[in-house]
Amino acid sequence: MITENSERRVISVIVVNEASVLSRITDLFSGRGYNITSLTVAPIPESRYSRLTIVTSGSVRVIEQITKQLHKLIPVLRVYEHADLVEKEMALIKFPLSENLSDISTLCAAYNGKIVNVGENVIIAMVADEPVRIENFLRVIKKYNPKEIVRSGAVALER
Amino acid sequence: MQISGAQMVIEALIAEGVDTIFGYPGGAIMNVYDEIYKQNKFHHILNRHEQASVHAAEGYAKASGKVGVALITSGPGFTNAVTGLADAYMDSIPLVVISGQVPMSLIGTDAFQEIDAVGISRSCTKHNYLVTDAKDLPRVLKEAFYIAASGRPGPVHVDIPKDVTAQIEEFNYDIEINLETYKPNVKGNTRQIKKAMEAIAKARRPLFYLGGGIINSNAAYEVRELVHKTGIPAVETFMARGTLSYDDDLLISMLGMHGSYAANMAMSETDLVIGLGARFDDRVTGKLSEFAKNAGVIHVDIDPASISKLVNADFPIVGDIKNVVLEMLGLSDLIDADKYKTWRSNIKNFDELHPLTFHEDSDRLKPQWVIQRVGELLGDSANISTDVGQHQMWAAQFYPFTRPRQWISSGGLGTMGFGFPAAIGVKAATPEKISINFTGDGSILMNCQELMTAVEQKLPVINIILNNNFLGMVRQWQTLFYDKRHSETDLSVQPDFVKLSEAFGGIGYRVHTKEEFDAALKDAVEKNVVAFIEVLVERFENVMPMVPSGGSLFNMMLLEKKEKK
């Protein structure tokens with residue numbers, strides 16, 4: 001019962017869009033020793049709510065506690081912790097212009113992306129895909145000497 | 001009506017039916033204090049430290065069942081109050097704590113007496129607010145009282161910048177609370193309750209595990225009825241003392257680290273734990289994997305997050321204890337009380353084997369005797385507050401509690417310095433009862449300035465200082481687990497407690513013998529003034545029995561048996 005496997009979970013939290021609500025969420029995680037792998041937040045259009053997507057990991061018991069503790073916060077409306085969801089993440093990658101641009105462009109296309117900006121010495125490429133595929137993409141493009149990588153963190157929607 | 005933010009605070013407190021508040025003025029809260037000066041609808045008690053104000057509000061809330069209110073200033077006023085907030089949060093005590101803040105224009109500038117108060121209180125309150133516009137004040141204050149008292153109760157902190165208390169706006173308190181995101185579930189699931197009752201009917205050795213939630217829910221008398229109807233024995237947590245009367249045949253005693261042998265053995269042997277408003281705290285369960293190992297678990301709690309947090313519940317029921325127990329009572333015909341006869345007698349045997357007791361084998365008084373004696377002399381007529389340490393455990397073990405809200409102690413946070421100010425709040429809430437604070441020579445010094453408050457307000461708290469010239473509980477652990485290295489726990493150098501009390505206008509007694517103790521207590525009760533009764537007790541007495549930290553409940557260190565002379 002104590003040694004349960006830790007697994008990756010995506011939790012969506014709908015919160016009232018008010019001051020310090022994000023601190024309440026992150027304080028809860030740090031105060032109780034839970035992990036945050038990534039966290040995204042944005043207002044839900046035409047409502048007074050925001051939606052957070054938190055990627056976390058923990059045993060079944062820990063995940064259950066996380067959802068219950070989140071729900072206990074006063075400005076939290078709903079907590080979704082579903083296994084069945086559509087998940088996407090975006091990454092921006094800066095490459096030197098001297099790299100093989102057609103290779104990069106083809107790879108990006110395979111991951112729902114493209115070259116979005118071209119500068120004097122660098123290009124910026126964008127990809128948007130499932131987080132595991134983003135991982136994979138970032139591994140593959142290592143040989144093209146990426147100078148900078150920015151990941152957005154996952155967003156998810158229950159099916 | 002158009003009034004200032006400060007006036008709104010006063011009007012809201014009056015509308016909430018508040019009759020007593022505790023506090024300490026200062027720069028950022030002066031507008032509110034100015035309005036307190038002008039009103040006569042409620043009484044303000046000036047403590048001599050903000051921590052004490054919050055503890056007094058806790059004591060008031062615990063004894064009365066109402067929301068306790070404390071009023072403090074910004075910066076150090078607030079940070080002093082944090083321990084009280086944390087204490088109330090851990091023990092689910094309904095409080096509204098209002099603090100002043102520097103004016104809005106100065107927030108974030110490291111202004112004089114500025115601190116990010118809501119940033120600090122976030123992790124030790126049920127909820128908190130920084131009010132940035134007086135228009136929001138009526139709603140915020142109304143929500144604060146509602147949130148503090150409903151669901152699982154807890155402290156709510158409201159931080160109000162000075163310019164907001166000066167701002168003049170329309171005040172209307174006759175508003176509906178509409179919190180779409182906060183709707184505590186108070187009614188237990190009927191099907192689940194039925195299933196739980198069927199499981200109880202099937203069980204052979206069921207055990208009620210009664211927690212502090214019962215007191216919060218004002219359900220003690222319903223729980224008593226349920227226990228008696230079903231004939232199922234019960235153990236109480238530290239927080240639940242007084243749920244059953246001490247002389248109830250079905251009450252085994254307190255369980256946990258310093259629980260009785262019988263209570264801990266019953267918990268180890270039961271086949272069905274019926275948890276009511278208890279949270280399976282580490283001081284109760286000992287080693288989790290060995291806790292009630294062969295038992296199913298029914299867990300009734302208003303806080304879903306308490307259920308299956310530490311011990312998996314087979315029958316989780318989210319709801320207010322009172323509602324759920326009333327529904328259980330309706331189904332109590334399912335249960336045959338005679339069925340548990342053997343189980344009850346087994347527990348009796350445990351109790352006879354290792355009863356909760358102590359030996360009178362030293363020249364100095366035994367601290368347990370003092371607790372017992374106060375019980376004999378005052379019993380039901382006293383409310384019992386405590387500080388934290390050995391005296392607290394002895395009080396929980398040996399005082400004959402007869403009713404809920406008689407027992408006021410810092411359980412979850414274990415805050416030394418809690419007892420005296422809490423007992424002041426208790427006396428303010430229940431003036432008809434004698435307010436006793438059992439304390440130690442360590443704890444009492446952590447809020448002894450409250451002598452001034454108690455004397456000034458004529459709140460005659462009787463502090464019984466069990467003086468062993470040690471920080472006793474830590475000394476006990478050092479003796480048992482640190483090879484008797486008594487690091488920084490020897491409190492041989494002490495103030496003259498009698499003179500200390502007298503210096504503030506109280507009375508003091510130094511007691512060596514039983515006769516002296518009886519005379520001192522009688523005199524203090526008769527004189528009805530603030531008192532310190534310093535009792536010189538055996539220095540090396542340990543709280544027994546004891547489950548060593550992380551050990552199993554059934555593996556207790558027991559009181560040494562002595563031959564009867």
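Reckoned from all heavy atoms, side chains included, excluding hydrogens, waters and symmetry mates. Throughout, protein chains are lettered first and strands after them, A, B, ... in sequence-line order, and every chain is numbered starting at 1. These numbers were taken from a predicted model, which means no experiment stands behind them.
Residue-environment remark: NZ (A/Lys68) exceeds the threshold of 12 foreign heavy atoms within 6.0 Å. Residue-environment remark: NZ (B/Lys187) exceeds the threshold of 12 foreign heavy atoms within 6.0 Å. Atom NZ of B/Lys183 sits in a crowded spot, with more than 12 heavy atoms from other residues, nucleotides or ligands closer than 6.0 Å.
Side chains of B/Tyr182 and B/Ser150: a donor-acceptor N/O pair is present below 3.5 angstrom, by distance only. A side-chain N or O of B/Ser121 and one of B/Asn128 form a donor-acceptor pair less than 3.5 Å apart. With 3.5 Å as the limit, one finds no donor-acceptor pair spanning the side chains of A/Glu64 and B/Ser308. B/Ser123 and A/Asp27 share no side-chain donor-acceptor pair at under 3.5 Å.
Heavy-atom proximity under 4.5 angstrom to chain A picks out nothing from residues 93-105 of chain B. Contacts from residues 134-143 of chain B to chain A, taken as heavy-atom pairs separated by less than 4.5 Å, involve no residues at all. Applying a 4.5 Å heavy-atom cutoff, the residues of residues 43-51 of chain A that approach chain B are A/Arg48, A/Tyr49.
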Evaluate side-chain contact (heavy atoms from CB on, under 4.5 Å) for A/Leu52 paired with A/Val15, printing each intermediate quantity in order. CA-CA 8 Å; A/Leu52 284 88; A/Val15 298; 3.5 Å; yes
Is there a side-chain contact (heavy atoms from CB on, under 4.5 Å) between A/Arg151 and A/Leu138 once you walk through the steps? CA-CA 10 Å; A/Arg151 296 179 68 163; A/Leu138 294 176; 3.9 Å; yes
Mind running side-chain contact (heavy atoms from CB on, under 4.5 Å) on A/Ile93 and A/Tyr144 for me, showing each step along the way? CA-CA 11 Å; A/Ile93 311 98; A/Tyr144 301 102; over 6 Å; no
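Using a 4.0 Å cut-off between charged side-chain N and carboxylate O, A/Arg8 and A/Glu135 make no salt bridge. The residues B/Arg279 and B/Asp301 are annotated as not salt-bridged, no charged nitrogen and carboxylate oxygen being separated by less than 4.0 angstrom.
Between A/Tyr34 and A/Phe29, the angle of the ring planes goes over 60°, which puts this pair in the perpendicular group of the 30/60° scheme.
Chain B forms more heavy-atom pairs under 4.5 Å with one residue of A/Gly31, A/Ser23, A/Ala19 than with any other, namely A/Ser23. Per-residue counts of heavy-atom pairs under 4.5 Å with chain B were compared for A/Ile74, A/Thr67, A/Leu77; the largest is that of A/Ile74. The choice from B/Leu130, B/Thr181, B/Thr132 that makes the most heavy-atom pairs within less than 4.5 Å of chain A is B/Thr181. In terms of heavy-atom pairs under 4.5 Å with chain A, the best-connected choice from B/Gly119, B/Ala305, B/Pro304 is B/Ala305.
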For residues 108-122 of chain A, run the donor-acceptor check on the side chains, cut-off 3.5 Å, and write out each pair with its distance to 0.1 Å, sequence neighbours left out.
from     : atom 1 : to       : atom 2 : distance (Å)
A/Tyr111 : OH     : A/Asn136 : ND2    : 2.9
A/Asn112 : ND2    : A/Ala128 : O      : 3.2

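When all heavy atoms of B/Arg152 and B/Met90 are compared, the closest pair comes out as NH2-O, 4.4 Å.
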